[in-house]
Amino acid sequence: MAYKNFILVCGGTGCESSRSDEIYRNLLAEAEAQGVKSDVQIVKTGCFGFCEKGPIVKVLPSESFYVEVKPEDAKEIIAEQVVKGREVKRLLYRKEQKTQDSAKVEDIEFYQKQFRIVLRNCGVINPENIEEYIARDGYRALERVLFEMTPEQVIAEIKASGLRGRGGAGFPTGIKWETARKAVSDVKYIVCNADEGDPGAYMDRSTIEGDPHSVLEAMIIAGKAIGANMGYVYIRAEYPLAIERLKTAIAQAKEMGLMGKNILNSGFDFDVEIRLGAGAFVCGEETALLKSIEGNRGMPVPKPPFPAEKGLWGKPTVINNVETLANVPVILTKGAAWFASMGTEKSKGTKVFALTGKINNSGLIEVPMGTTLREIIFDIGGGIKGGKKFKGVQTGGPSGGIIVEKDLDTPISYESLVALGSMMGSGGMIVMDEDDCVVDVSKFYMAFCVDESCGKCSPCRIGTKQMYNLLDKISKGNGEMKDLENLEKIGKAMTKASLCMLGGSAANPTLSTIRHFRDEYIEHIVDHKCRAGKCKDLVVYSIDAEKCIGCGLCARKCPVPCITGEKKKPHVIDASRCIKCGECFKACKFGAVVKS
Amino acid sequence: MAKMTLEELRALRDSKRQDLARRDVEGKEIQIIVGMGTCGIAAGAKLTFDAIVEAVQRHGLEDKVVIRQTGCMGLCYVEPTVEVVMPGMPTVIYGKMTQDIADKFVRKHLVEHSLLDNHIFDRPAADIIKK
């Protein structure tokens, strides 16, 4: 028994609520009625991500992609597609202009909302097999660079592509390379920054785990372009799998003569070594990272001189982020013009984001620059978990800010995110819903910065601690209105006076939440109330005597225990001993435990 | 392999490209590709991998099947993910493939040539290498 057709019916939450289950059952019934039950298998699938046009039905192997299908359409789909082998044109997804039918998934613009350059091989090749990388155009760019192009041409190509640093700051990569090329020195270095430290960000880890050779190839290319023969990958020790795959990749490349002495008989030498970081956030800052590679304590030094002029051991050094490098081989095989055709005026190509938090489809996504946050969160991400209300999205981790509902339609670019008081950052994107408290979130990020501040400059060392103390005070209900002013004052001073961007951006989460959610801060200060119920000291649990049936479940769950009461009679919480863990609230089946 | 010259690299690329296109390795025509990034492994991809290996043996298919690993497919919310490529069946990606589903998966997809309900997900983006 072999099926000729497969009908996939989306069983995601979005499609299910627009009756996809009924479509599924109708299709089954129709297949039976029309006597083709053994020719077609009807399957329910996970979310296709295209919830806006749901319910979605896809037919394989013809790849017919039907949108906005109704239960009544089942009969026609079976009769036409399965019995007669023709597509139901009426239901095919059409582009906005309504000019042509788009049967194939690849033609649908929605699926081009995600476009994979950096992640081109992730989830496709075996990262521990260099041959699979080679088969997918791997080391093709290196061939061109070694045998067909001059270093100047390579740099010109990268400049023309408009590629900018994906670590967050967005410095043009080509200009960085050009500066290092022009610097006069006997020795130069290439460094790959894989010290990904933002909470919730894992783009670089996944890129190295899924496609380590793309980064290595780019480092060799960069070496040829600027005249360096040595490269270092600085990666945090917490990424054991990425490190292992990187080691395997380096060994394979060396064995095949793609790295090491006299690469492909071109006369060019290039070696790569791995340096493990101990996980200090500040070591993601380029000058601190270089100090750490040198064996010194990871602390930033003032710029200029920039590393491209005076970097590792005082030699000209190009330091690029993992994602930046992973773009390089594709630019050189497909051309700068192709790359520059994607994105906005000043931000070209794509950006990888790690989509996490209160979102349905958390995961690793890559979208062209200029995509809006709304498309990312609601179309690709499938919206907020549990149908809750969207509150904000934090981009750029502890260095970025919160972006709220009204700004969701801004096309993403380096400039637009800065204008919104956030930043691109390395690409962490944490979605928050109505259950998240802005004071609590700001306090979390500030605590992170207090821990991670290297202590070299006082604006950051003292500023982060002072801001944390003020946020802590507010979250405990002891805040005063002048604390808000002080937060803003200290924040602005830190932004201007800190030595590096860790301090320079540490105030962003707090400042942006104060700007967008001032009322919530005031609520904490004046009304001693946390509407999300996250600030423990402001929450009081009590039992509604009318709803309580006296089952005693809450008392058994209470770890203190501070809940007392006789069986079948209303129980009471002793507020003075309550530690506000919320276990009773979660346990009660009758809604009798009240949080206020 | 010894160090290569430019010509050898090009020849290797061409031959491997065909392999990858046919997706067949030494006469083995069914490929099962397990997503083994940290996200997948954390969700149990290693156990899934082992369970699939066992299930394939149990069904006597080890001569036909190659089981490979790959990185993160981007569908972190439904890890572990498994892609299957085989003749006569559309290429599909399965999500939420915990170890207990491995046997059912091998039996249904590989032996009975039918798809698994409620586990199919889509590749999230078009492939740029094909173009």
Side-chain angles (χ1 to χ4, degrees), chain A residues 1-3 6 8 11 41 43-49 60-61 105-106 111-112 114-117 119-128 131-132 134-140 143 147 202 205-206 209-211 239 241-242 255-258 264-266 330 360-366 380, chain B residues 1-10 12-21 33 35-39 41 68-79 81 83 88-96 112-131:
Chain A
M1 182 187 71
Y3 296 108
F6 299 92
L8 312 182
Q41 187 190 7
V43 183
K44 265 209 240 177
T45 73
C47 182
F48 280 99
L60 296 173
V105 166
E106 292 92 82
Y111 283 90
Q112 288 170 2
Q114 281 215 59
F115 192 81
R116 300 189 137 198
I117 297 175
L119 303 174
R120 60 193 177 276
N121 289 326
C122 282
V124 179
I125 65 166
N126 180 349
E128 293 178 6
E131 293 181 356
E132 292 193 13
I134 291 173
R136 284 176 62 87
D137 280 345
Y139 292 103
R140 175 81 191 83
E143 283 178 22
F147 299 99
Y202 56 94
R205 187 194 72 208
S206 297
E209 281 174 2
D211 193 14
Y239 284 179
L241 185 65
E255 198 191 328
M256 295 183 101
L258 293 164
L264 296 172
N265 289 331
S266 65
V330 187
N360 276 318
N361 305 348
S362 58
L364 199 62
I365 62 160
E366 181 169 355
I380 299 172
Chain B
M1 184 181 277
K3 292 196 175 183
M4 293 188 301
T5 61
L6 180 59
E7 289 69 34
E8 283 165 353
L9 173 63
R10 286 184 176 159
L12 178 71
R13 179 178 298 121
D14 286 342
S15 77
K16 286 294 159 191
R17 179 174 291 154
Q18 282 163 12
D19 276 3
L20 215 61
I33 305 157
M36 302 249 266
T38 295
C39 46
I41 291 172
R68 297 165 51 225
Q69 63 165 349
T70 189
C72 170
M73 299 188 200
L75 303 167
C76 309
Y77 63 108
V78 288
E79 292 288 353
T81 45
E83 183 178 1
M89 289 287 281
T91 300
V92 286
I93 293 177
Y94 288 115
K96 297 188 274 186
E112 295 173 11
H113 288 222
S114 65
L115 300 178
L116 234 68
D117 248 340
N118 286 322
H119 284 278
I120 295 184
F121 290 84
D122 227 15
R123 191 174 282 291
D127 184 355
I128 67 161
I129 305 282
K130 269 192 222 155
K131 291 186 184 165

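Within every chain, numbering begins at 1; the chains are lettered A, B, ... in the order of the sequence lines, protein sequences first and strands thereafter. Basis for what follows: all heavy atoms, side chains included, without hydrogens, waters or symmetry-related copies.
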For residues [X] and [Y], report the shortest heavy-atom separation together with the two atoms involved.
{"X": "S114(B)", "Y": "F6(A)", "value": "CA-CE2, 4.2 Å"}
{"X": "R68(B)", "Y": "V124(A)", "value": "NH2-O, 3.5 Å"}
{"X": "P127(A)", "Y": "Q69(B)", "value": "CD-O, 3.9 Å"}

Counting heavy-atom pairs closer than 4.5 Å to chain B, which one of N126(A), L60(A), I365(A), N265(A) comes out on top?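 Most pairs with chain B among the choices: N126(A).
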Is [X] in contact with chain B via its backbone, its side chain, both, or neither, using a 4.5 Å heavy-atom distance?
{"X": "F147(A)", "answer": "side chain"}
{"X": "R140(A)", "answer": "both"}
{"X": "L8(A)", "answer": "side chain"}

Check: E209(A) side chain, C72(B) main-chain N or O, donor-acceptor pair, under 3.5 Å: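 Not a single qualifying donor-acceptor pair exists.
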Among L116(B), I120(B), I93(B), L115(B), which residue satisfies the side-chain contact (heavy atoms from CB on, under 4.5 Å) criterion with T45(A)?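 Going through the options one by one, the only one that passes is I120(B).
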Check the pair E8(B) / L264(A) against side-chain contact (heavy atoms from CB on, under 4.5 Å), numbers first and verdict last. CA-CA 9 Å; E8(B) 283 165 353; L264(A) 296 172; over 6 Å; no
Going by heavy atoms in the side chains, are Y139(A) and L9(B) under 4.5 Å from each other?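 Answer yes - side chains close enough.
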Does the pair M256(A) and L12(B) meet the rule for a side-chain contact (heavy atoms from CB on, under 4.5 Å), with working shown? CA-CA 11 Å; M256(A) 295 183 101; L12(B) 178 71; 3.4 Å; yes
Any chance you could lay out the side-chain contact (heavy atoms from CB on, under 4.5 Å) test for E143(A) and R13(B), step after step, and finish with the verdict? CA-CA 12 Å; E143(A) 283 178 22; R13(B) 179 178 298 121; 2.9 Å; yes
Quick check for you: among T38(B), T5(B), D14(B), V92(B), which has the greatest number of heavy-atom pairs under 4.5 Å with chain A?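 Maximum pair count with chain A is reached by T38(B).
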Largest heavy-atom contact set with chain A, pairs under 4.5 Å, which of P90(B), G88(B), S15(B), C39(B):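 That would be P90(B).
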Measure the spacing between NZ of K16(B) and CD1 of I125(A) and express it to the nearest 0.5 Å.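 The CD1 atom of I125(A) is 13.0 Å from NZ of K16(B), to the nearest 0.5 Å.
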